[in-house]
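Reckoned from all heavy atoms, side chains included, excluding hydrogens, waters and symmetry mates. In each ligand, atom 1 is the first atom listed, and ligand 1 is the first ligand listed.
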Amino acid sequence: MRKLINWSVGIYFIYVLLMIWYLFYFVDTSIPKEFKGTKADPATFLTPRELMLSEQYSQMKNLLFFLAVPYDWLLYIVILALGLSRKFQEWATATTKWPALQTAVYLFWLSLLVTVFTLPLNFLAYRLAKEYGINTQTFSHWLKDEIIDFWVNYVLMFIIVSVLYWLIRKFAKRWWFYAWLLSIPFIVFLAFIQPVVIDPLYNDFYPLRDKELEAKILLLAEQANIPAEHVFEVNMSEKTNALNAYVTGIGPNSRIVLWDTTLERLKEDEILFIMAHEMGHYVMKHIYWGVAGYVLLTLIGLYAVNKLMKWMIQRWGVCLHIKNIKELNSLPLFFLLISLLNFSVSPFVNAVSRYEEHAADRYAIELTNNTEAAISSFQELARAGLSQVNPPYLVKIFRYGHPTILERIVFLNTYEQQRETDW
Ligand SMILES: [Zn+2]
């Protein structure tokens with residue numbers, strides 16, 4: 001047991017050192033020679049100070065990301081190896097006879113412990129964003145969001161874990177398949193209620209406030225056959241200076257949401273380009289593809305988790321204080337494996353997402369035909385979020401669901417050149 005913890009902590013620290021070396025010393029994020037001086041070169045649209053800040057801020061943010069993911073794995077291993085998970089289960093069985101309540105009690109202690117140990121990293125990320133003027137939330141506001149997060153996750157986890165362990169106990173061999181079948185309506189339901197139930201817990205949503213702009217946006221939406229009542233504005237300026245817009249929800253709840261920061265900081269033509277990009281997602285039904293993708297990945301994931309969990313319990317069950325997969329105290333192992341699998345497929349998921357984002361960019365430029373506005377909106381996006389125009393390779397494959405700003409502007413440049421030669 002000691003050995004397992006020592007090894008895990010040791011490997012984690014070596015990994016941390018490697019990541020620091022990679023992000024701060026190894027990578028070269030300067031612009032490739034052929035794009036120097038073009039509109040994709042941040043030196044042409046950022047001040048030297050903005051350029052320096054965006055480099056610093058991105059480096060730190062990326063480091064925090066790469067520290068946080070395996071930190072969760074380490075935490076789960078330690079929770080198991082120290083017998084804490086077993087302790088929580090004993091407390092739960094001592095509290096009540098009802099299995100549902102036992103799950104609630106066990107899950108409460110586990111969630112509380114994980115939250116307490118991950119809060120410092122979350123706080124660092126908040127402080128960093130605040131330091132660089134990206135996050136504008138007060139501490140109490142930030143903490144409120146963390147508390148909402150805790151309870152939303154707790155309720156969702158309670159439902160999922162109760163059903164999951166009931167299935168594991170009832171169908172030792174096929175539980176993963178039945179869990180997958182049940183996950184389909186659950187995923188669809190979550191996608192359905194997300195914009196109307198979950199998102200409003202964090203922010204205020206309302207119809208566009210600028211009526212003149214709304215008329216122009218709705219005209220654009222009409223061209224793409226998007227019903228007017230599906231466009232919303234969200235009050236984000238009290239939390240962040242970054243810009244964003246997105247498509248969410250399915251069926252009657254599907255909507256395009258524009259952050260108020262985007263509406264405030266971008267010019268009208270730029271907003272219309274961003275809007276056209278979101279309409280591209282809407283028209284190409286990317287949300288539905290996303291839901292289908294989740295359903296497929298869940299099947300593969302649950303199958304793999306079943307195999308891996310049983311194998312690991314057989315091999316390291318004593319060290320991890322787990323006798324049987326049916327015991328609730330095997331849950332941290334379940335979370336560990338899900339998180340590991342999630343991380344390992346994330347380059348693939350991100351690649352699919354980048355492909356969709358590129359398609360939406362193409363849709364938007366074909367609809368609006370204003371390359372200048374499109375390019376300046378990306379430049380403003382980089383400035384407002386202090387994002388790297390040309391991020392390191394590992395950062396791109398693990399973190400970027402969008403093409404890099406460099407790739408997006410280069411695409412627009414070549415698109416315009418092609419159009420000119422076509423004439
Ligand atoms: Zn997009």
Side-chain angles (χ1 to χ4, degrees), residues 40 134 191 194-195 199 203 205 208 217 220-221 223-226 230-234 236 240-250 253-263 265-294 346-371 373-391 395-415:
I134 304 298
Q194 169 104 27
D199 292 345
N203 302 299
F205 294 81
L208 295 190
I217 285 180
L220 198 65
Q223 291 173 24
N225 279 324
I226 298 174
H230 290 206
V231 181
F232 283 81
E233 179 178 337
V234 56
M236 287 299 288
T240 178
N241 280 323
L243 313 181
N244 201 6
Y246 60 95
V247 183
T248 178
I250 53 175
N253 286 346
S254 61
R255 46 174 74 176
I256 293 176
V257 179
L258 295 159
W259 286 15
D260 61 343
T261 48
T262 309
L263 298 171
R265 283 194 62 161
L266 293 187
K267 293 189 203 83
E268 200 173 274
D269 283 348
E270 297 167 339
I271 294 171
L272 289 177
F273 173 77
I274 300 282
M275 189 59 203
H277 168 98
E278 300 309 327
M279 286 172 10
H281 286 307
Y282 191 102
V283 169
M284 290 181 270
K285 306 237 175 286
H286 286 158
I287 292 278
Y288 294 88
W289 283 106
V291 169
Y294 268 120
S346 63
F348 168 74
V349 172
N350 284 335
V352 172
S353 168
R354 287 198 298 269
Y355 172 82
E356 291 183 339
E357 293 299 337
H358 178 67
D361 279 352
R362 178 178 284 279
Y363 178 93
I365 195 62
E366 278 167 6
L367 189 66
T368 59
N369 249 316
N370 188 343
T371 325
I375 290 178
S376 59
S377 69
F378 286 145
Q379 292 174 337
E380 191 57 29
L381 216 64
R383 180 182 297 119
L386 288 179
S387 30
Q388 276 170 315
V389 169
N390 186 28
V395 172
K396 181 180 149 179
I397 68 165
F398 281 106
R399 296 204 66 187
Y400 271 56
H402 289 74
T404 66
I405 301 276
L406 175 69
E407 289 164 339
R408 297 178 96 170
I409 296 181
V410 166
F411 160 69
L412 290 168
N413 269 334
T414 39
Y415 178 86

Legend entry - Metal check, the Zn ion (ligand 1) vs Glu356 N/O/S, cut-off below 2.8 Å: no

Legend entry - N, O or S atom of His402 closer to the Zn ion (ligand 1) than 2.8 Å: no

Inset, instruction - Check side-chain contact (heavy atoms from CB on, under 4.5 Å) between Phe398 and all other residues, then give those that pass, not counting sequence neighbours. - result: Phe65, Phe66, Phe343, Ser346, Pro347, Leu394

Legend entry - Residue list, side-chain contact (heavy atoms from CB on, under 4.5 Å) with Asn390, at least two apart or on another chain: Ile31, Pro32, Leu406

Legend entry - Centroid separation Tyr282 to Tyr363 less than 6.0 Å: no

Inset, instruction - Find, among atoms of Glu357 that are N, O or S, the one nearest to the Zn ion (ligand 1), and state its name. - result: OE1

Inset, instruction - Could you tell me which N, O or S atom of His277 is nearest to the Zn ion (ligand 1)? - result: NE2

Inset, instruction - Check the side chains of His277 and Glu357 for a donor-acceptor pair under 3.5 angstrom, ignoring hydrogens and angles. - result: yes

